Amino acid sequence: MRILITNDDGVYARGLWALAEALQPLGEVIVVAPDREQSGVGTSVTLHHPVRASAVTPQIPGIETYAVEGTPADSVILGLRTLTRDVDMLFSGINEGANLGNDALISGTVGGALQGFFHGLPSTALSVTTLEVSHFEVAANLGLLLGDMVLRKLIPRDILLNVNVPNKPISEIDAMEITKLGRRSYVDIIDEGHDGKRKYYWIVRGKPTWDVVEGTDIWAVRNGRISITPLHDDLTNRAQTSILQDQRAPMMDALRQGTSQSSR
Ligand code: MN
């Protein structure tokens, strides 16, 4: 049994090593992670320049560890395709900071897990819902538990899980919820400046607007509970398929007649 761990906080992040330590009873742990913080890069893959990886000294002796000059997805691709082989399971994290709702689409932590899922591995993204974490142990133990449950076939192998855990000891956590992704939108603030040569823009994440709906990951975390969201990689909006289906023939007709442009 071989387990690959990546993250988006970088190969030296505390959460990654808390997880690596916890997962050791499950099998051989291998770490392949970005050499620096890559939070917010989502599923991004580096295609326009070469990606370097170097073996680095692990924080736990004996764990094969590589630092990748790239994204979490790059790390997983290199990890699975060339740096190691016969990996059975993937974990991404433990991230410092929540990955909730729509943020799952920009999260590097979830992006790393998604890449594992694309390669057919049971893949789990783990986050603790605060930026300065003092309790990694619950998320780490939950990672071990989930991995063990896959091995014992209590949950299927084709899982992609997004897990968010409160920054508390287990004695202070009331419950666990199996959730769906909620909605959390930001009004992005643009900070403009000038560096002497050129104008620049700094995209600052403003205050999030939370949509606290019962059953969502946001709702679970708001109530101090553990949230586990099973994800899949299908973004298709089935409810709108038939609406567009009705417009298909008129759209083709309009395109053929060139009316779309001339009617503007
Ligand atoms: Mn992060």
Side-chain angles (χ1 to χ4, degrees), residues 3-23 29 31-46 51 53 56 58-59 65-79 90-117 123-140 142-143 146 160-168 179 181-182 184-186 188 202-208 210 217-218 220-221 226-229 231:
I3 307 128
L4 184 68
I5 303 182
T6 194
N7 75 350
D8 76 355
D9 291 339
V11 72
Y12 301 108
R14 295 183 303 142
L16 182 146
W17 290 99
L19 180 61
E21 188 175 15
L23 293 181
V29 172
V31 170
V32 184
D35 66 344
R36 68 201 74 184
E37 183 172 344
Q38 293 279 350
S39 295
V41 302
T43 59
S44 169
V45 178
T46 303
V51 179
V56 294
Q59 297 197 357
T65 303
Y66 298 91
V68 173
E69 294 176 26
T71 66
D74 293 338
S75 303
V76 173
I77 292 168
L78 291 186
L90 182 123
F91 288 87
S92 183
I94 301 167
N95 190 61
E96 293 199 57
N99 280 303
L100 299 167
N102 313 55
D103 276 356
L105 292 172
I106 66 156
S107 161
T109 308
V110 178
L114 186 63
Q115 199 56 240
F117 181 77
S123 300
T124 301
L126 292 162
S127 305
V128 174
T129 62
T130 170
L131 286 177
E132 278 175 34
V133 175
S134 44
H135 291 281
F136 286 113
E137 74 276 7
V138 179
L142 183 52
L146 288 166
L160 173 60
L161 302 179
N162 186 34
V163 177
N164 283 274
V165 178
N167 183 37
K168 290 176 179 172
T179 56
L181 292 182
R184 178 198 208 194
S185 51
Y186 291 88
D188 289 322
W202 192 260
I203 300 172
V204 185
R205 301 237 90 177
K207 210 168 176 275
W210 301 79
D217 53 354
I218 293 168
V221 161
I226 296 168
S227 166
I228 301 182
T229 314
L231 302 178

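Order of listing sets the numbers, starting from 1, for every ligand and every atom in it. Being a predicted model, the structure only gives us computed values, none of them experimental. Starting from 1, each residue takes its place in the sequence as its number. Side chains are part of it too, since the values below use all heavy atoms of this structure and drop only hydrogens, waters and symmetry mates.
Looking only at N/O/S atoms, D9 comes nearest to the Mn ion (ligand 1) through OD1. When the N, O or S atoms of D8 are ranked by distance to the Mn ion (ligand 1), OD1 comes first.
Each of R36, E96, R14 was scored for a side chain to side chain contact (heavy atoms under 4.5 Å, CB included) with D9, with one residue passing: E96.
Checking S39 against the Mn ion (ligand 1), an N/O/S atom falls under the 2.8 Å cut-off. With 2.8 Å as the limit, S127 does not count as an N, O or S neighbour of the Mn ion (ligand 1).
The shortest side-chain heavy-atom distance between L100 and N164 falls under the 4.5 Å cut-off. Residues V32 and V68 are in side-chain contact: their nearest non-hydrogen atoms beyond the backbone lie under 4.5 Å apart.
Distance alone, capped at 3.5 Å, is enough to place a donor-acceptor pair between the S107 side chain and the T109 backbone.
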